[in-house]
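Below you'll find the structure, written out as structure tokens, and then a few comments.
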Amino acid sequence: MAQLTDDCFAFSGPLLPVDDLETIIRERIMPVVEIETVGLALARGRTLVGNVEAPIDLPPFDNSAVDGYAVRHADLSAQSDTALVIADRITAGRAAAHPIARGAAIRIFTGAPMPDGADTVFMQEDVRTEGDSVSVPPGLKRGSNRRLAGEDIRAGSIALPAGRVLSIADVALASALGLTALPVRRRIRVALFSTGDELTEPGHPLARASLYDANRTLLAGLIASLGATVTDLGILPDDPARLAPALRDAADGHDLVLTSGGVSTGEADHVRDAVEAIGSLVFWRVAIKPGRPVAMGVIPSVSADTSAAFVGLPGNPVAAFVTFVRVVRPLIMRLSGAITPPLVPLPVRAAFGYRKKGGRREYVRVALRRAEDGVVEAVKHRQEGAGVLTSLTETDGLVELPENVTTVEPGSTVGFMSYASLGA
């Protein structure tokens, strides 16, 4: 379980900038301590514990980068073709029986070890063969088409750094180094609720004043994309007597309890009172839009001397999505010990005008298109409401407008973040 203090989310300012939010999480939250070793087939998406040093050079030997002929560069004429005797044939997985002789060439295939003494490879399409000889042209540099041992990575160097969230390429590198398993932190465990008497489970009859619950599906997918496990605990009604016990039970065996809805100051929003009754709670007035105050807290576990973090997100699905990306995502990554680079928006041209307040970061849902002049530009969705799910399904990502920006003019450059880069 996570080791959290009651005041780890404390913040005294009127508005919490996004950058300060991430600093609080990074400085006050410690990763889980449990470590396990997993086979490479199960390593993707896990967070690496400790640096992995390369046990061998990669590649482990000099080899040919092409199909062709290995030669000694010293034998070549600088002005005219050079005729060489074809002395051997080497395929991948087979080494030459003898060093290359002076005036000889060796037929070689991609990945085959370079013969001792050979330092250059001609591509087969650049030479002429006749019987047991080959004629090679002048002008090829020494070392051309040769891969050197260790040019990818040297034995003893760091192949994969601690805190890396392992990608397919990372796992492939581990395999190329001869590894079969990697040490990783255990998966973060998240308990997920939706709250509200107005919500109905999909697949059930929908009452006149009810809505189907979409947030749990949305949030469960986002959590899973971060390599965490989800315990779906369904829909909690707006009943103070049931909320507190359910939340306390959820803290058992989980690192994070995540809810959506029920955390505003409305009379029927009881999650706030329930968390305050069993743990600690603060409201982060995060300076973002869409979004609103995000409830952050700590709920003690019933059966152990540990606690679970609590996050209460807005009930509107777009606001829940944006606040998850900017609040919950950094929290889960920190709990998992992941060292992740900051999200870097890519520059695109705005095909829209926009006005916003200074001092807060705003996220505009956009679709990308290629304009007539060939430039990629962002088109704002026609609807801005935080409850409009089609504004997510009909767009490609978010334009991030920093705190110091108040106006976007058509044709200006804005920063775009794809949903894929956000784990969606």
Side-chain angles (χ1 to χ4, degrees), residues 1-6 8-9 25 29-34 45 47 185-197 199 201-202 213-263 269-282 284 294-315 317 320-321 323-325 327-338 423:
M1 294 290 292
Q3 301 295 320
L4 304 171
T5 61
D6 288 346
C8 63
F9 295 117
I25 290 173
I29 304 301
M30 297 302 296
V32 297
V33 297
E34 297 91 340
T47 301
R185 293 191 190 272
R186 70 154 172 84
R187 293 185 185 275
I188 301 306
R189 298 188 284 260
V190 182
L192 178 63
F193 291 100
S194 287
T195 64
D197 289 339
L199 297 179
E201 194 73 38
D213 181 16
N215 281 3
R216 275 180 22 252
T217 303
L218 172 71
L219 296 173
L222 291 169
I223 293 165
S225 75
L226 299 177
T229 61
V230 184
T231 304
D232 185 349
L233 297 176
I235 300 170
L236 286 177
D238 290 322
D239 182 351
R242 295 175 59 183
L243 282 170
L247 291 169
R248 182 180 285 279
D249 289 344
D252 245 7
H254 293 96
D255 306 293
L256 169 64
V257 178
L258 180 64
T259 69
S260 64
V263 292
D269 291 335
H270 301 297
V271 175
R272 175 178 186 167
D273 293 339
V275 175
E276 288 178 332
I278 59 176
S280 63
L281 185 72
V282 296
W284 279 3
V294 176
M296 306 291 294
V298 176
I299 302 176
S301 172
V302 175
S303 60
D305 189 22
T306 57
S307 300
F310 169 81
V311 180
L313 299 179
F321 174 79
T323 49
F324 180 95
V325 168
V327 179
V328 182
R329 180 181 184 274
L331 176 59
I332 291 177
M333 300 307 281
R334 179 56 181 160
L335 286 169
S336 71

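No hydrogens, no waters, no symmetry mates; every other heavy atom, side chains included, goes into these values.
Considering only heavy atoms from C-beta on, Val328 stays 4.5 Å or farther from Leu226 through its side chain. In this structure the side chain of Leu218 never reaches within 4.5 angstrom of the side chain of Phe324, judged on heavy atoms.
Every side chain to side chain contact (heavy atoms under 4.5 Å, CB included) that Ala228 has, sequence neighbours left out, goes to Ile188, Val190, Ile223, Ile332. Partners of Phe321 by ring-ring contact (aromatic ring centres under 6.0 Å, His included), not counting sequence neighbours, listed by chain and number: Tyr419. Every residue meeting the side chain to side chain contact (heavy atoms under 4.5 Å, CB included) condition with Ala250, not counting sequence neighbours, appears here in chain and number order: Ala191, Phe193, Leu233, Val257. Take Thr231 and apply the side chain to side chain donor-acceptor pair (under 3.5 Å) test, not counting sequence neighbours, and it matches His254. Contacts of Arg334 classified as side chain to side chain donor-acceptor pair (under 3.5 Å), with partners at least two apart in sequence or in another chain: none. Judged as a side chain to side chain donor-acceptor pair (under 3.5 Å), and not counting sequence neighbours, the contacts of Ser194 are Asp213.
Atom CG in Leu222 sits 11.0 Å away from atom OG1 in Thr217 (nearest 0.5 Å). The distance from the CG atom of Leu313 to the CG atom of Leu258 is 5.0 Å, given to the nearest 0.5 Å. With rounding to the nearest 0.5 Å, the separation of CG in Leu236 from CG in Leu247 is 6.5 Å. In this structure, Ser336 OG and Leu331 CG are separated by 9.5 Å, a value rounded to the nearest 0.5 Å.
Judged purely by atom type and a 3.5 angstrom limit, Arg248 has no side-chain atom pairing as donor or acceptor with the backbone of Ile299. At least one donor-acceptor pair under 3.5 Å links the side chain of Thr195 to the backbone N or O of Gly261. Proximity of a side-chain donor or acceptor of Arg189 to a complementary backbone N or O of Gly253 within less than 3.5 Å is detected.
Considering Arg187, Arg185, Arg186 in turn, Arg186 is the only one that fulfils the salt bridge (charged side-chain N to carboxylate O under 4.0 Å, His left out) rule with Asp255.
In terms of heavy-atom proximity, Ser260 sits nearest to Pro314 at CB-O, 3.7 Å. The minimum heavy-atom distance linking Ala274 with Ala244 is given by the pair CB-N, 3.8 Å. Across every non-hydrogen atom of Pro300 and Ser307, the tightest pair is CA-OG, 3.8 Å. Heavy atoms only, all atoms of each residue included: Val230 and Ala220 are closest at CG2-O, 3.9 Å. Taking every heavy atom of both residues into account, Val325 and Pro330 meet most closely at O-CD, 3.5 Å.
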Open item on the list: Quick one, Ile235 with Arg216, criterion side chain to side chain contact (heavy atoms under 4.5 Å, CB included). Give me CA distance, side-chain angles, the key distance, then yes/no.
Closed with: CA-CA 9 Å; Ile235 300 170; Arg216 275 180 22 252; 3.4 Å; yes

Open item on the list: As a quick check of understanding, evaluate side chain to side chain contact (heavy atoms under 4.5 Å, CB included) for Phe310 and Thr259, giving each step before the final call.
Closed with: CA-CA 8 Å; Phe310 169 81; Thr259 69; 3.6 Å; yes

